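We count ligands from 1, going down the list as the structure has it; atoms in each ligand are counted the same way. Here the structure is a predicted model, which means the values were calculated and not measured.
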Amino acid sequence: MTLECNKIRGINLAQGVCDLDVPREVIDGTHEAMLQGFNQYTRYDGLPVLREAIASKLKRFNHLDADPEKNIIVSAGATGVFYSACMALLNPGDEVIVLEPFYGYHVNTLLAVGAKPVFVRLIPPGWKLDTDKLQKAVTKRTKAIVINTPANPSGKVFSKQELRALADFANEEDIFVFSDEIYEYFVYDGKKHLSPASIEGMAERTIAISGYSKTFSITGWRIGYCFCHERWARMIGYVNDLIYVCAPAPLQVGVARGIEKLPNSYYEGICADYQAKREQICDALSEAGLKPYVPSGAYYVLADVSSVQGKNSKERAMFILKKTGVASVPGSAFYHDDAGEDLVRFCFAKKDEVLKKACERIAALRL
Ligand code: PLP
């Protein structure tokens, strides 16, 4: 869709790339680090300054106790750490439960390490998790479940009650929980992000994955991390070293500076700004007759495009692009079967003027 969008110089709301400003502290911290000589390989699990900053953030924000020497692996983004974790902890043929609509990299990473994704569908409009369905998906080969909260593409934010049910399930089946929390700071309507690892009984089996691509608008920097029990951390770190050696050294320092220096108001600002962007795009979609599934978190919205011309979600996304010049992702990208054919996903992590223009064009579609 990005290629098609570029051909017509359209507005790209397809890819999850935020074009917002990087905090000054993060840029300055990186620049100074380069001048100070942080330009070489770092330890396989990241620079101490960043692991320490992450550990204090985990305590403050996620209510998790991390020893920066043992429980944190810094990697090339959340993507790098998820791949390293899958390589380290899964064997070919292991089954891993994936909730759909899913984030494509989760599924493809599992396939890349020879694991088998087993899909359990979340039920719209609230993207409810049916624990009976989870139970039915379990076999002798089930080794893990992937959770994404707040979720891409649905915007679902798991409640404490849901996470408790999930914890019971994971404990009963004795499986790993890969918890992708990259959108942890993007939560709306006064809701709070809860880390699955903070739920009783979950700390040892959870690999909590996050990073700063989204929070600091630095998707190209490739700084992510995981928090987990030292038994798993050592193994994940080993694979991380083998594949990536380390995350970019000066960028690690810049991110550490951001974590240390940015006040709470920065993170509160993200919630407020993105909630306003969410309202804007949801209003435009409603006006166009494309019913939005209003997200509670992350920065995407799934819209019902069943009224749009086309045989499937790809043709419908292309029709919308042709008529409005706004690119979206066909819903088929988020399902293993045809359940996404009536959906497309728009990303609203765009500068106000870009989003405004996109929304005007969407609203004018009026089906
Ligand atoms: N996890 C989810 C759910 C995402 O949506 C994305 C990016 O779109 C990532 C991970 C990628 O994170 P990173 O840039 O840290 O690899």
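With hydrogens and angles left out, the side-chain atoms of Ser179 and Glu181 include a donor and acceptor closer than 3.5 Å.
Screening residues 101-118 for side chain to side chain donor-acceptor pair (under 3.5 Å) gives His106-Asp180 as the qualifying pairs, with residues at least two apart or on separate chains.
Aromatic pair Phe334/Phe102: centroids not less than 6.0 angstrom apart. Ring to ring, Trp221 and Phe216 are not that close: their centroids are 6.0 angstrom or more apart.
Listed as neighbours of ligand 1 are Gly77, Ala78, Thr79, Tyr103, Asn148, Asn152, Asp180, Ile182, Tyr183, Ser213, Lys214, Arg222, Tyr300, each bearing a heavy atom under 4.0 Å from the ligand.
Because its NZ or CZ atom is not both nearer than 6.0 Å to the ring centre of Tyr188 and within 45° of the ring axis, Lys191 does not count as a cation-pi partner of that residue.
Ion pairing between Arg257 and Asp28 fails under the 4.0 Å rule for side-chain N and carboxylate O.
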